[in-house]
Amino acid sequence: MSFFKSSQPVRQPDVLTSEAAVAPHALIAFRNIEKSYAHGTSRTYVLRRINVDIKDGEFVSIMGPSGAGKSTLLHIIGMHDSAWTGEYYFLDQPVHKLAAKDRARLHKQHIGFVFQSYHLLDHLTVYENLDIPLSYRDIKKGERESLVGDILDKFSIVGKKDLYPNQLSGGQQQLVAVARAVISSPKVILADEPTGNLHSSQGREIMELFKKLNESGTTIIQVTHSEANAAYGSRVINLRDGWIVDE
Amino acid sequence: MNTTWQDLRYALRMLARTPGFTVVAVLTLALGIGANTAIFTVVNALLLKPLPYANPERLVMVWQDFRARGGPADEWASPGNYVDWSREKSLFDDAAAIGGWRPTLTGGAEPEPIPGEQVTHEYFDVLGITPVLGRTFRAEDDVPNAARVAIIGDGLWKRRFGGDRSIVGRSVTLSGEPHEIVGVLPPRFRPIVASQTGEIWRPLRINTVTPSRGAIVYRVVARLKDGLPIDRAQEAAAVLAKQLEATHPEYNEKVGFILEPLHDRVVGDIRPGLLALLGAVAFVLLIACANLANLLLARGSSRSRELAVRLALGAARARVIRQLLTESILLAVLGGVGGVLLGVWAVDALVSIAPASAPRVGEIGLDETVFGFAALVTLLTGLLFGLAPAIQSARADVTHALKDGARGSVAASGRAMRRGLIVAEVALALVLLSGGGLLLQTFLRLQAADLGFDPRNVLVGFVNPPRVTYDTGAKHAAFYDQVYEKAKALPGVQKAALVSVLPLGGDSDTNFQIEGRPAAPSAAEAPVTWYRQVTASYFDTMGMPIRRGRGFETRESAPSVVVNESMAKKFFSGEEALGRRLRFSPELPWFTIIGIVGDAKVRGAREAARIETFVPYWQMPEPGINVVLKSAGNPALLTSALKQAVASLDPNVPVQSITTLDAIVGESIEQPKFFAMLAAGFSILALVLAAIGIYGVMAYVVAQRTTEIGVRMALGATQGEVFRLIVGDGLKLTAIGVALGAAGSILVARWLTSLLFGVTPGDPKTLTATALVLLLVAAAACFIPARRATRVDPMVALRAE
Ligand SMILES: Nc1ncnc2c1ncn2[C@@H]1O[C@H](COP(=O)(O)OP(=O)(O)OP(=O)(O)O)[C@@H](O)[C@H]1O
Ligand SMILES: [Mg+2]
């Protein structure tokens, strides 16, 4: 019996295509992903020929110097960014072929986000912040209340539910942000330098949390500058100038 | 002084650095201040400026109060009343009687009817007017059979006599009689009664020894005795009324006397409408202020870092507030200058569309009062829209703002203020819109009202042969016969008729007695009817249906009358009216009622139909008659034919006041139209300003919330959900504003009651419609910012960390 219940049974996507065979067992499969920005007539490449498979249940850390393309890669995985070339399979679905609407549905169903600066909404209470992701999914009010209640309980922040973000410490805010990412039971949590604004002890706490989530079946992909943080994970992807230099 | 100068220079530099903001702000202010300046200019000229007479506050109109006899409170006076009043030296310094006069001036190319007045010789002394040439009237000009003299106005002098300075002493022919011109009035002079267009005056020559008491024909203006307050004068007048009731019971029974300040009479019923307009433009300005406050708040938060730096460097908060206020007042002054320029133009436009019946229009113009008002409004405006944002910005938390410019306490509390301003703007706009809607509906209903006669395609003109040559009723009647026959035969005329008084054109009334019923013990108790002398064709030409009995035969010789339904109902309810007889005075025969005609609203749609009697003109001829021509097409095309037809009968008889019946009906609702159009215009202005305000705030909100929107998208919000978030936010504020505005407009509309017709102040349909319009406009104003919100790229939004 783990601390976190494993996520809901994976709903099989209704469209299965022939390309699914390309990457049979990966949760995420990148094939020759490239990302560039145009500057007048010239182009700057931010990501070059990225080929990577991430399996369900992995805990991956993306590392590399500033400007290497880590955040860019994370946003592509998170399906915020669609201006790239190459092939991206998520749960065997060809993201590169999906219409914006289907991509949004996929993203909503399976992905949770944690940001370096938490990004809790200032004018909403902790409780209301946790409710946001649920409000964007067709979940009844009663069910939403019990889900928020559960998560407040699991993260031991029941006492803070009526406080506003600016009444919390940084670590507490990030705790709420992780709770918010988890509440809709995503398969993957993407975290961009989640401990970047925290003291090391607070950072450790978040990492422990990720570890537990991972143990209960959630795939974690984090960007980090810290070897110590990377050590919580099972795998490191090193980026430099848009290239994967080693794994 | 030095710091003020420095503040000013700095403020100028700030405005120059953000030209877009400056232009929008100055334009908004110019619109608001311009509208206020224009309406205030009119209010100033009509309501505030003293009348152009000597000590005008001492002037009163003196009326007979006939209310106890079922008549009006402002009945005119008989010569007897006037003589009694003018002798009351403990009450009045002087009193003058005024009678109507519209002589025909001959000797030029065409006979010209001139609007004028016959007045007792005190008239110009009462008003305190000195002529530019010659003299005013003397007591010896003003006795029966005195030599005929006249005084002319500046307009007539310049137009007809080329401003000839030797005019005094010259003789002119007026309606066939020679008159010696004894004086010329200054150009500023305006006669006091309704038309205000008089150009010629002559003495009334009342017989003051045995004045007539039966004919109620004069208006009386008087100058209160020096030092006598009006309420004391009113008490004394009441005592006098009681005395005269005792001396002349046959005329003065139950008649009181009322003193009305001349100013009230001149201003008349235009006051409530003007005040409503002044309220409307004040609302427009408040909305403009709200918009500006919003702009400044937005700018204030983007400048919070600058202000924080200033505060950190040791500037006192008061000093920072002063700096910011200097900027807003500078803006207001620029807007004020623009506003006055706009106002000058708008005043011209207002004057050109002012209803003909509006008083004192010639006096409308800019003066010190208007400039003072504009300056005051400008200053107040600058403080109003500048103070709150200035205090708001100066409250900036220094450490916070310096550490993290994007999100500080400024942004948070500015947010509440901004939202409050939107709510206020919407509420103000709703009050204005619903008020404008009520006035517009009033006008439309007045326009569509069924008056009981058909004014379409009807040309009218007044024919008044001079009494010198046409000195008997029979001669008048004979001339009218000829006019009628000629007019009827004109090509293009379908139907023709004559009538002594046109609908909406005045009235004459008379006592009467019904045969078989006891005569009233006194004149005070005798029943009264309005009467019109008509041709047999009148009812058909006017489209007035005969309900029972019949109309007149063409040459009906037995004395007969047609009465209207109101008269039949009031005096013969439950009895047969047809065949009954009535008499207007003992010396006239009994007239048989031969028909009952449908009621016509001859005083306009707002007033109930009167008790009316129609008499064949040949049975009771009076001087002056109106020709009524119904044509198949445009009636105005008959104008010259009618003139020629009458001139061919007698070249000395002009056809006066030629116009269409539609125009007369239109004129009678010109005032409500004027107010409705202006109110509608200001409502639209308010709506546009409110829309700009909502748009500005929502656009700003979206910019401020970019990160939040990015986060929401990252958490699964779809574009539709983001769109609804922004539009919903805007509509929620609008809905609050609408609710407050609805309550406000119910309160405000009560002041409009006297202006309304056919709608009630709280009319739910008007409120619902205006609320819907506002919500739609608000939704439209939110649309672009909301669309922009859906295009937020979460990646970019979140990268801003
Ligand atoms: N909108 C853009 N236009 C042009 N170049 C961009 C844009 N956004 C990002 N880049 C560039 O893409 C590269 C990768 O950026 P990215 O944010 O992915 O780096 P990162 O590895 O996350 O760096 P850091 O560790 O500093 O967060 C950078 O060189 C950046 O300058
Ligand atoms: Mg990054």
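Please read these numbers as outputs of a predicted model, since none were measured by experiment.
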Can you check whether Arg105(A) reaches Thr718(B) side chain to side chain, under 4.5 Å on heavy atoms?
no
Reported [atom1]-to-[atom2] distance for the pair [X] and [Y], which is rounded to 0.5 angstrom:
X	Y	atom1	atom2	value
Met795(B)	Ser71(A)	CE	OG	10.0 Å
Met79(A)	Met713(B)	CE	CE	15.5 Å
Ser135(A)	Leu725(B)	OG	CG	9.5 Å
Leu715(B)	Arg180(A)	CG	CZ	4.5 Å

Check each atom of Leu124(A) against the heavy atoms of chain B and say whether the ones under 4.5 Å are side chain, backbone, both or neither.
side chain
Heavy-atom count around [X] [atom1] within 6.0 Å, excluding the residue itself: above 12?
X	atom1	result
Arg319(B)	CZ	yes
Gln202(A)	CD	yes
Asn32(A)	CG	yes
Arg49(A)	CZ	no

If you take all heavy atoms of Ala714(B) and Phe115(A), which pair is closest and at what distance?
CB-CZ, 3.7 Å
Pair His123(A), Glu708(B) - check side-chain contact (heavy atoms from CB on, under 4.5 Å), show working.
CA-CA 10 Å; His123(A) 55 282; Glu708(B) 176 194 332; 3.1 Å; yes
